[in-house]
Q: 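Below is the structure I would like to discuss, written out as structure tokens.
None of these values were measured; they are calculated from a predicted model. Each chain gets a letter, A, B and so on, in the order the sequences are listed, and its residues count up from 1. Just so it is clear, the values below take in all heavy atoms, side chains as well, and ignore hydrogens, waters and symmetry mates.
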Number of protein chains: 2
Amino acid sequence: MNLKSLAQHLGISASTVSRVMAGRGDEFRIAKETQKHILDEAAAMGVRPDELARSLRLQSTRTLGLVIPDISNPFFAALARAVERRARALGYTVLLADSQESDEVEAECIRTLMDRRIDGLILAPVGGDSAHLQPLIASKLPLTQVDRVFTALKTAAVVADNFTGAREAVKRLVKLGHKRIACLQGREDSSVIVERVRGYRAGLSEAGLRFEGKFLVGGEHSQAIAREHTLRLLEMKPRPTAVLALSNQLALGALEAVRERGLIIPEDLSLIAFDEQPWATLLSPPLTTLAQPVEDMGTVSVDRLCELIKRGGKPSRKALTTLPVRLIERASIGTKKKD
Amino acid sequence: MNLKSLAQHLGISASTVSRVMAGRGDEFRIAKETQKHILDEAAAMGVRPDELARSLRLQSTRTLGLVIPDISNPFFAALARAVERRARALGYTVLLADSQESDEVEAECIRTLMDRRIDGLILAPVGGDSAHLQPLIASKLPLTQVDRVFTALKTAAVVADNFTGAREAVKRLVKLGHKRIACLQGREDSSVIVERVRGYRAGLSEAGLRFEGKFLVGGEHSQAIAREHTLRLLEMKPRPTAVLALSNQLALGALEAVRERGLIIPEDLSLIAFDEQPWATLLSPPLTTLAQPVEDMGTVSVDRLCELIKRGGKPSRKALTTLPVRLIERASIGTKKKD
DNA sequence: ATGAAAGCGCTAACAG
DNA sequence: CTGTTAGCGCTTTCAT
């Protein structure tokens with residue numbers, strides 16, 4: 001059932017039906033009676049305009065693409081939820097794609113989405129290399145980067161204040177007397193990690209502590225790898241007395257290692273982790289976290305993108321939005337006891 | 001840039017270009033040379049067929065809809081990931097919608113997806129009432145239900161063996177000497193919960209224990225509500241010595257309550273929870289879980305749906321697929337000590 | 001105030 | 001082997 005057959009059924013033209021269904025009946029001064037007639041019959045027959053045909057005709061799909069590296073990472077799940085909700089509120093549908101932490105899959109996802117003629121794209125890039133994003137940039141598709149971003153690409157971008165978050169965490173640890181503070185990182189080429197490591201080093205340096213390369217470990221967003229690196233940290237002599245884990249997945253790996261070695265938090269090791277999670281408070285002891293403003297990041301990304309779409313893809317002045325990170329202090333950090 | 005302009009540019013017809021771009025050049029015995037020419041130029045100019053126009057013409061979008069109640073629930077996130085991955089492998093794109101545990105939003109999601117002319121839908125219904133799904137059923141859109149299902153609706157369906165899982169968990173607890181085993185449920189009208197509660201009661205009854213209504217608490221998929229109900233359980237005299245939590249979110253609520261009351265697991269209370277999670281092993285003590293085959297559920301849902309699409313929506317014989325649940329025993333359950 | 005006709009970009013039937 | 005033509009369902013001039 002489509003508009004045309006409904007029109008025939010009612011003995012009027014498809015144009016009139018189309019105008020009424022688009023809510024523009026008054027604008028075209030179509031008889032109230034006719035309007036009611038059409039609307040009633042459409043509802044009764046369950047006729048709705050074919051979005052596909054509309055999109056083709058209007059050259060607009062009212063669909064946004066969202067590409068994230070891993071939907072099973074709760075941070076990105078929360079981000080997706082926020083994006084979806086805001087987009088829905090603004091009348092957009094979201095096409096979600098999971099790039100599986102792979103540049104190749106990411107490029108493929110973006111191609112697929114572009115083939116579907118999305119109106120705009122929100123991209124949380126895998127990181128590292130941006131070469132495969134060239135066609136996307138060249139296409140002039142309205143684009144907002146979120147979380148991990150390539151600042152070299154001149155697009156709107158929404159990020160958490162990763163630098164300040166990490167720096168404040170380190171400063172807090174220093175205040176508790178820690179001098180050997182290690183940092184467990186993910187992919188070193190992701191902007192998020194770069195910023196957090198920068199914050200980590202700034203925190204050390206502002207406290208007059210020397211940065212030690214051997215205390216900066218990791219290099220992948222994986223719990224298993226994080227566990228291994230933490231095990232190695234714990235074997236060092238003297239070993240670090242505190243660890244800053246740069247994501248929730250990495251924190252889980254660190255916790256595994258600590259447990260395996262039979263060490264106690266915070267007596268043997270203080271731990272702070274990025275990403276607040278429902279289970280953080282239920283660990284023994286509860287975990288100190290750096291809560292990212294993930295809801296806001298999703299909402300603002302959509303808003304930025306929609307502005308961009310309205311402006312026809314012309315970039316705005318204020319390209320980068322930075323949202324604050326909050327330190328939630330719990331019992332996983334304590335005064336350094338032994339040395 | 002589109003096929004037509006590419007055709008003009010090359011001085012050949014759009015049909016030929018279309019056929020070559022669809023990879024059917026050989027089928028139409030188009031000169032190898034022409035083919036190469038077209039493909040090269042298309043690649044050089046970045047021309048790709050407009051999926052929108054193709055879909056309209058072919059009356060097929062190669063898009064599947066996926067509606068889940070809550071993407072921020074890691075179980076559904078994992079499901080979405082599996083669905084996305086399998087669909088991609090089969091050449092489909094997935095439109096994901098989050099119904100936010102609301103029947104109204106769910107109905108709205110389904111309408112939006114149908115307007116976009118998806119080829120099929122995978123639905124994890126909110127539960128309870130299926131009245132709002134009538135239009136969907138009537139539309140004959142290929143449909144697979146997953147996780148929560150309405151068995152009254154004659155559609156393909158993929159579920160975990162919730163009944164057996166819950167029953168085995170109870171039997172294990174009974175074997176450890178427990179006699180007062182409570183059950184913390186989610187929405188009682190969801191099929192998943194109904195089955196798990198049925199398994200819980202079967203487990204009790206097979207052990208010769210009486211089912212006690214006051215030990216079956218809860219009614220919402222929320223950590224906060226679960227906490228409150230558990231607090232109430234812990235106030236009972238005599239109080240239960242073991243709890244079966246019917247989801248990961250409920251388990252977190254239960255853990256909150258236990259901690260607040262200063263009780264020790266498993267000495268004061270044994271706990272088993274549905275859903276295996278990365279943090280389960282890191283709790284103190286590690287949590288005994290019932291691992292759902294979430295990867296398989298996603299994969300099989302897509303496969304079932306694609307079969308259905310191929311068969312033109314005709315339902316198959318074997319409508320319901322049940323996949324096994326696995327009990328992962330850890331230290332959160334123990335012999336009943338005091339009474 | 002409403003209708004007829006063209007066209008969004010593509011593919012398939014038919015023609016040659 | 002390749003081209004011409006019609007039409008998927010819609011919206012929008014342009015005409016009346």
Q: In whole angstrom, give the distance that lies between atom CG of B:D50 and atom P of C:dC8.
A: 12 Å
Q: Nearest-nucleotide wise, let me know which of B:A31 and A:L56 is further upstream toward the 5' end of DNA chain D.
A: B:A31
Q: Between atom OG1 of B:T144 and atom CZ of B:R304, what is the distance when rounded to the nearest 0.5 Å?
A: 8.0 Å
Q: From C-beta outward on A:I12, which listed nucleotide comes closest to its side chain: C:dT11, D:dC1, C:dG3?
A: C:dG3
Q: Mapping B:L58 and A:F28 onto DNA chain C by nearest heavy atom, which one lands closer to the 5' end?
A: A:F28
Q: Check the pair B:R85 / A:D98 against salt bridge (Lys or Arg N to Asp or Glu O under 4.0 Å), numbers first and verdict last.
A: CA-CA 8 Å; B:R85 188 179 277 164; A:D98 185 323; over 6 Å; no
Q: For A:L52, report the nucleic acid contact type (base, sugar-phosphate, nothing); a contact means any heavy atom under 4.0 Å.
A: nothing
Q: Would you kindly give the CE-to-P distance between B:M21 and C:dT11, to the nearest whole Å?
A: 9 Å
Q: Just how far, in rounded Å, is P of C:dC10 from CD of B:Q8?
A: 12 Å
Q: Given D:dT4, D:dG9, C:dC10, which nucleotide is nearest the side-chain atoms of A:A53?
A: D:dG9
Q: Round to the nearest Å and state the distance from A:D115 atom CG to C:dC10 atom P.
A: 11 Å
Q: Is there a side-chain contact between B:S18 and the phosphate of C:dA12, meaning an N or O under 4.0 Å from OP1 or OP2?
A: no
Q: Determine the contact category for B:S15: base if any of its heavy atoms lies under 4.0 Å from a base atom, sugar-phosphate if only primed atoms, P, OP1 or OP2 are that close, otherwise nothing.
A: base
Q: Atom CZ of A:R116 to atom C1' of C:dC10: distance rounded to whole Å?
A: 15 Å
Q: Once you apply a heavy-atom cut-off of 4.0 Å, does B:R117 come out as touching a base, just sugar-phosphate, or nothing?
A: nothing
Q: Tell me: CD of B:E51 to P of C:dG9, nearest whole Å?
A: 15 Å
Q: In whole Å, what is the span from the CZ atom of A:R57 to the P atom of C:dC10?
A: 16 Å
Q: Roughly how far, to the nearest 0.5 Å, is CG of B:L64 from SG of B:C306?
A: 5.5 Å
Q: For A:Q59 and D:dC10, what is the distance between atoms CD and P respectively, to the nearest whole Å?
A: 16 Å
Q: Can you tell me how far apart CG (A:L320) and CD (A:Q145) are? Round to the nearest 0.5 Å.
A: 9.5 Å
Q: Heavy atoms only, 4.0 Å cut-off, all strands: where does A:T34 land among base, sugar-phosphate and nothing?
A: sugar-phosphate
Q: Regarding D:dG3, can its base be found pairing with the side chain of B:R19 as donor and acceptor, where the two atoms are less than 3.5 Å apart?
A: yes
Q: When rounded to the nearest 0.5 angstrom, what distance separates NE2 in B:H9 from CD1 in B:I38?
A: 11.5 Å
